[in-house]
Amino acid sequence: MAYRDLSAFLEALERDGELVRIRERVSPRLEISEIADRAVKSGGPALVFENVAGSSLPVAINTFASRRRMLKALELSSWEEWDARLEFFLDPKPPEGILEKLKAIPRVTELAAVFPKTVRGGACQEVVTTGDAVDLGTLPVLTCWPQDAGPFITMPLVITKDAATGKTNVGMYRMQVFDRNTTGMHWQKHKDGAGQARGYAREGRRMEVAVAIGCDPATVFSAIAPLPPGVSEFLFAGFLRGEGVPLTAGRTVDLLVPAEAEIVLEGWVDPAERRREGPFGDHTGFYSLDDDFPVFHVTALTRRERPTYLTTIVGRPPMEDGFMGEAVERLFLPLVKKTIPEIVDLHLPVEGIFHNLMIVAIDKRYPGHARKTMHAIWGTGQMMFTKTIVVVDKDVDLHGGGQLLWKVLAAIDPERDVEIVRGPVDELDFASRMPCYGSKMGIDATRKWKEEGFERRWPDEIVMTAEVRKKIDALWPSLGIRAPDKR
Ligand SMILES: Cc1cc2nc3c(=O)[nH]c(=O)nc-3n(C[C@H](O)[C@H](O)[C@H](O)COP(=O)(O)O)c2cc1C
Ligand SMILES: [Mn+2]
């Protein structure tokens, strides 16, 4: 059963001992950050702050900040379960025999049920304020880090519509609160929200924008999913939940918003207007410096009677977004494998903050295959930002930490095996020669072939025989060899 809303998810977390309510009075200025940071780094629970200085609303944070909670958010018992669910759609074999055909029916029906549903009204409009009455100061928006330019809404679902096609996009783009009714709109230039804004700029008109804060977890997650432009995040959320997202008409904008959201902001962005945004302590672990970004003018604030403000902090990894990143990695791997079929597995270590490091295992079939894979990755969606790609053979375990490093470093002749290219880089990359433009590196750490000019012999890895291992396994307990700290 899909979570109806944020509360349903928080209750489920609480039932499982995965959530702690904090009644102590704390400030949304730095204090909640410090507590949330310590919690995530020690594998702690989700947190709900019930007594936040300066606001009557509770703050929920770290709700996705562990693998277990992330799986729970997506109602999965394991990532393998997801692979099995997707396989039906990615690899539909014509059902053989009547029994197979019957088994396929519920899945097709399930698919029809996941489209968004339009409903009248909704919990997100229990309390409506418009015009001059709008006051973002009533929300417990966090100032996350000491050098931040102000409070930032960090988990918003920014909803926009394409000027030409009318298609809806949902993206998570942080919003610096400037005053009672304006915020920044930090959609980076490669993102779909920015792309749609260019459409309005061409037509020389204002763009309507709605922002949902706090929804059922699959809907929140869909806003960070790197879907191709034009693919609906709300539909993706419905597919994740197994049930369509109920949407309702905004009060002052012609946009559909999640009916069960905690809080919705409605308003507009003038594509020609820019204002200084930042600095902001970012997910790189460094401050993103101030820069000019669009401005969101809020015309209405609608909310539940008793909403919970959902937020997150980013910063020095590992952080909550690292666990969301892992979910993106696992959910999208089957799709990546479909487009780049030699890929057997891939991994984005959390210290690589999504775009700095990707390790890929391939089933190498022809000379230069590793380099072909790098270019395919650099040519695919948001993977274009990957600063470093390391390609290994399929028998290498990507999740092996130091063991992986050992194999990669042993397998390379740097002058021969490093591919350097230029192209677009992530807007948050502060080391590139220019904003959004720089170089990327691929490391071919696969075994080299004769057909690639490698005439030397490649040695075998050292492995004990199975026979001896078995014998020693049996002997081991009686040998009295234990690690010192376990004695
Ligand atoms: C907590 C969090 C904050 C994010 N903040 C931003 C942001 O401020 N600007 C941005 O362009 N992307 C941000 N992202 C990444 C986008 O949400 C992500 O690239 C998403 O796929 C964008 O949707 P789109 O493809 O529809 O543009 C953030 C992601 C997370 C998890
Ligand atoms: Mn999108």
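Heavy atoms only: backbone and side chains are in, while hydrogens, waters and symmetry mates are out. All values derive from a computational prediction rather than experimental measurement. For ligands, and for the atoms within them, numbers begin at 1 and follow the listed sequence.
- Contact analysis puts Q382 in contact with ligand 1, with a non-hydrogen atom separation below 4.0 angstrom.
- When only interatomic distances are considered, the shortest N/O to N/O separation between D321 and ligand 1 does not fall below 3.5 Å.
- At least one N or O atom of R174 sits closer than 3.5 Å to an N or O atom of ligand 1.
- At a heavy-atom cutoff of 4.0 Å, ligand 1 is contacted by the side chain of T312 but not by its backbone.
- For a threshold of 3.5 Å applied to N or O pairs, the pair formed by K191 and ligand 1 contains at least one separation below that value.
- With distances taken over non-hydrogen atoms, the option nearest atom 20 (C) of ligand 1 out of A223, G171, P226 is A223.
- Comment: D16 does not engage R69 in a salt bridge, judged by the lack of any side-chain N to carboxylate O separation of less than 4.0 angstrom.
- Using modelled atom types, one finds no donor on one side chain facing an acceptor on the other under 3.5 Å when comparing T312 with T154.
- At the shortest separation from atom 31 (C) of ligand 1 among protein heavy atoms lies I224 CG2, 3.5 Å.
- A salt bridge between R276 and D292 is present, with a side-chain N of the basic residue lying under 4.0 Å from a carboxylate O of the acidic one.
- Proximity of the aromatic rings of F280 and Y173 is defined here by a centroid distance below 6.0 angstrom, and this criterion is not met.
- Atoms of ligand 1 lying under 4.0 Å from any heavy atom of D192, numbered from 1 in the order shown and given with element: 24 (P), 25 (O), 26 (O), 27 (O).
- Between D345 and R330, at least one side-chain N (NZ, or NE/NH1/NH2) sits under 4.0 Å from a carboxylate O, which counts as a salt bridge.
- Outside the 6.0 Å centre-distance limit, the rings of H186 and F152 are not counted as a close aromatic pair.
- A salt bridge is absent between R15 and E11; no separation between the charged side-chain nitrogens and carboxylate oxygens falls under 4.0 Å.
- Contact check on R304 versus E260 returns a salt bridge, with a Lys/Arg side-chain nitrogen under 4.0 Å from an Asp/Glu carboxylate oxygen.
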Passes side-chain hydrogen bond (donor to acceptor under 3.5 Å, both in side chains), D135 versus T138? Steps please. CA-CA 6 Å; D135 184 5; T138 57; 5.6 Å; no

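- Residue-and-atom listing of protein N/O/S atoms under 2.8 Å from the Mn ion (ligand 2), sorted by chain and number: N169 OD1, D192 OD2, E233 OE2.
- Residue H283 does not touch ligand 1, judged by heavy-atom distances below 4.0 Å.
- Close approach of ligand 1 to E233 (heavy-atom distance below 4.0 Å) involves ligand atoms 26 (O).
- In terms of protein heavy-atom proximity, atom 6 (C) of ligand 1 is closest to M172 O, 3.2 Å.
- With a 4.0 Å cut-off on non-hydrogen atoms, A225 touches ligand 1 through its backbone and not its side chain.
- A distance of 6.0 Å or more separates the ring centres of F64 and F221.
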